[in-house]
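Inspection log for the structure reproduced underneath, given as structure tokens.
For the numbers below, each heavy atom of this structure counts, side chains included, while hydrogens, waters and symmetry mates do not. Source: prediction; values computed, not measured. Every chain is numbered from 1, with letters handed out A, B, ... down the list of sequences.
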Amino acid sequence: MSPPSSGRRWRSRSSWKARTRPPAVAGRVSTRDSRSSRSTSSGTRPPSRRSSSIRTRSARRRPRARLAEAPAWRRDHRLRSPDRGNPTGVMTDTKTPEATTTASTPTGRVPTVPPLPGSNVVAIARLADHVGEEVTLRGWLYNKRSSGKLHFLEVRDGSGVVQAVVFKGDVSPELFAQADRLQQETSLEVIGTVKEHGKIKGQYEVGVKDVKVLGAPAREYPISPKEHGTDFLMDNRHLWLRSKRQHAIMRVRHSIIKAVRDFFDLNDFTLIDAPIFTPNACEGTSNLFQTDYHGDPAYLTQSGQLYMEAAAAAFGKVYCFGPTFRAEKSKTRRHLAEFWMVEPEVAFMKLEEDMVLAEHFLSYIVQRVLETRQNELKILERDTKMLENVQAPFPRITYHQAIEILQQNGHPEAKVGDDFGGDEETVISNKFDRPVIVHRYPMNLKAFYFARDANDPSLALNMDVLAPEGYGEIVGGGQREEDLARLEGAITEHNLPREAFEWYLDLRRYGTFPHAGFGLGIERTVSWICGLPHVRETIPFPRMLNRLAP
RNA sequence: UCCAGCGAAGCCGAAUGGUCAGGCAGCCGGCUGUUAACCGGUCAUCUCGGAGGUUCGAUUCCUCCCGCUGGAGCCA
């Protein structure tokens, strides 16, 4: 059930390296570099205790202070502005002020809404800042254990889980008896003193003084702390989200999305949202969900790309991030009917730079998650070794080389012209120790808008990034056809309704320009980074072939 | 659409052509340090997904249907 892990290292290491090292990127970041830079931030105090003015000042000062101690590759990047010499404007510096402040604390920042006067409600994630103090927790009973004169109440409040210890000698007999009767998922207010855990160093617990039941369950909570079947859990998705594992996944998802936005912000992209209702299929391949739009058919978008091409002509470097929909009857561990996609598009960018952008983008996301979500990855029992390898540059192979790899590895029937299924993608990606870029597929396998390779017009200037460990394609993109006549020809060849694409053809009529971009599926990325066997747990409320509820 | 597997109490789940083991949760009790706690006790007519068939007898074998799961095609 779990995806196959790759113990193999990629073979032709030197060959791809020599051929494909991008001109603007100094070299790969070693694990040691990233670890040492991580340690600079992890020792800082949580931001809650700092005043905002200090925080601003230190954030402003930090880049310069770091510059002196930064390794050479990083200094290099600092000095190179996006407008000079770096074609994509991609910066690999992983330390943003946000990244620094969130590194050591899950909740991250100073609350913008001040607590009510006199209230001492504390988030469980912040208990370490309140050792010795009497605090109030508000949350739900996650689990309960007892031992004679002690009850151990595991309380969760969304920020974390803590053990609240009710000692018979500390509370009234009534309260002690009541604590014994508390049911799972009762909502509570717990008042007690924060102290170090009786057995585990570095953890904290609360010595209970009082417990108030805010809401007792009307019936038995269906999800007991034991195994359950997938279907049952999916039927109870609204409750399942409360469990530790789901909590960890959603936190990682959150961090991935934040890293996506930070990456594009840092590299001067503008967020341009694409519409969700569209009048026509933009790729003309997949099945779309049709809706009624005041009497006319409309479809739920399957990609924002065509709109991003228009936006790139207006803003240069753009991206969109939103839900996309596919009505395919796919029932696999990699498919959802509704999923979230990130799609950057850059004016005057060509395929080679597109690959550089994609590999730096992915590296940034993975390294940010490693910095900020170690606890969550531990809960998910994710082996992070393979993730630490995710550093640009990635190996690159052509579609033809990929076919050769397949032929030599148990797929002798593979031939030029075939597309890759999940199985084939796994065979290819298992040859490498990090994501691999496969480029220049046959044109007839690809959507109409791809540019052709000038050296071989049968090939598309496209690229897919295959994630390691059997997770398959997570990025797909490439360079777009910029020539009006050729694009018109492609629309005709694909039997697409010409009228619907007039606006799109306008982009070639009025100052056409080379441009490229890609799409990244968020759920597949979350699934890969978390090491999950199925994408259904990576989105809060999945929409799948046979599931529209809850 | 096709292929394969599965369908038993709130949940997980063994066995079986002759009437559902065990466990979790629940309930009662025990234990000053437990951490998917543990120990003892207790509980459930669940027509063993539905319909039909074979049989003296089916949860168990066969057929169809429904549902679920994984996969193929398609895709991120």
Side-chain angles (χ1 to χ4, degrees), chain A residues 1-2 142-155 161-170 176-177 180-181 183-185 195 197-200 203 205 207 217 219-236 239-240 243-245 283-288 302-305 323-343 379 418-425 445-447 464-467 471-477 518-528 533-536 538-539 544-547:
Chain A
M1 175 106 149
S2 65
Y142 190 70
N143 199 359
K144 183 186 67 185
R145 294 174 288 272
S146 52
S147 175
K149 305 209 165 54
L150 288 166
H151 297 307
F152 300 95
L153 311 178
E154 261 196 278
V155 179
V161 182
V162 74
Q163 173 169 283
V165 185
V166 187
F167 175 48
K168 198 168 189 174
D170 289 347
F176 189 76
D180 195 28
R181 283 194 308 270
Q183 278 186 290
Q184 195 185 354
E185 291 303 320
K195 55 190 175 191
H197 193 288
K199 275 190 169 174
I200 306 167
Q203 275 197 22
E205 63 181 22
R219 61 177 75 163
E220 205 180 303
Y221 187 67
I223 303 179
S224 65
K226 288 277 179 184
E227 320 100 54
H228 299 279
T230 314
D231 196 39
F232 172 78
L233 289 170
M234 275 300 167
D235 283 342
N236 289 286
L239 303 175
W240 190 20
S243 75
K244 271 182 191 164
R245 196 181 148 76
E283 294 184 15
T285 53
S286 328
N287 303 315
L288 303 184
Q302 63 175 333
S303 163
Q305 188 207 307
T324 49
F325 307 87
R326 306 281 164 95
E328 295 143 9
K329 304 268 188 208
S330 292
K331 239 176 71 165
T332 78
R333 61 165 68 115
R334 304 184 308 280
H335 286 87
L336 294 167
E338 178 182 303
F339 67 97
W340 287 65
M341 194 153 63
V342 183
E343 292 172 283
I379 288 168
D418 293 350
D419 211 344
F420 306 132
D423 233 29
E424 285 84 9
E425 287 177 353
L445 292 179
K446 288 291 155 187
D464 283 352
V465 181
L466 307 184
Y471 282 95
E473 182 183 347
I474 48 171
V475 162
F518 60 80
L520 169 97
I522 287 291
E523 286 74 19
R524 286 191 183 176
T525 306
V526 177
S527 182
W528 163 47
H534 200 297
V535 291
R536 68 184 148 220
T538 63
I539 186 164
M544 296 180 290
L545 189 55
N546 293 320
R547 182 167 293 281

For [X], give me all partners under side-chain hydrogen bond (donor to acceptor under 3.5 Å, both in side chains), at least two apart in sequence or on another chain.
X        : answer
A:Arg245 : none
A:Asp180 : none
A:Thr332 : A:His335
A:Gln184 : none

_Please report the distance separating the P of B:A44 from the corresponding atom of B:G50, rounded so that it comes out in whole Å._
23 Å
Original post:
Which value, in whole Å, describes the distance between the P atoms of nucleotides B:A21 and B:A15?
Top reply: 14 Å
Contacts of A:Gly229 and A:Phe339 projected onto RNA chain B by closest heavy atom; the upstream (5') one is A:Gly229
Assert: residue with more 5' nearest nucleotide on RNA chain B, out of A:Gly148 and A:Asn143, is A:Gly148
Within the structure shown, what part of the strands sits under 4.0 Å from A:Phe152 by heavy-atom distance: base, sugar-phosphate, or nothing?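 The residue A:Phe152 makes base contact.
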### Message
For a quick check of understanding: with a heavy-atom distance under 4.0 Å over all strands, which category does A:His151 fall into, base, sugar-phosphate or nothing?
### Response
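The residue A:His151 makes no contact with any strand.
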Between the side chains of A:Arg547 and A:Asp231, is the shortest nitrogen-to-carboxylate-oxygen separation below 4.0 Å, so that they form an ion pair?
yes
Contacts of type ring-ring contact (aromatic ring centres under 6.0 Å, His included), residue [X], not counting sequence neighbours:
X        : result
A:Phe518 : A:Phe361
A:Trp240 : none
A:Phe232 : A:His228
A:Phe176 : A:His151

Practice task
Could you list the residues that satisfy salt bridge (charged side-chain N to carboxylate O under 4.0 Å, His left out) with A:Glu154, not counting sequence neighbours?
Solution key: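 Per chain and number, A:Glu154 pairs via salt bridge (charged side-chain N to carboxylate O under 4.0 Å, His left out) with A:Arg145, A:Lys244.
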Between the protein and nucleotides 43-46 of chain B, are there any N/O to N/O pairs under 3.5 Å, and if so, what are the atom names and distances?
none

Is any side-chain N or O of A:Ser330 under 3.5 Å from a base N or O of B:C74, one able to act as donor and the other as acceptor?
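Such a pair exists between side chain and base.
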Which atom pairs link the protein and nucleotides 21-30 of chain B when you take only N or O atoms and keep those under 3.5 Å?
from	atom 1	to	atom 2	distance (Å)
B:A25	O2'	A:Glu220	OE2	3.0

In 5'-to-3' order, the base (B), backbone-only (S) or no-contact (-) status of each nucleotide in nucleotides 2-8 of chain B, using a 4.0 angstrom heavy-atom cut-off, is -------
Requested in this report: Return the nucleotide paired to B:A72: Watson-Crick means purine N1 to pyrimidine N3 with N6-O4 or O6-N4, wobble means G-U with N1-O2 and O6-N3, both under 3.5 Å.
Outcome: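 B:U1 is the nucleotide pairing with B:A72.
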Can you check the A:Asp235 CG to B:G10 C1' distance for me, whole Å?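 Spelled out: CG on A:Asp235 to C1' on B:G10 is 13 Å.
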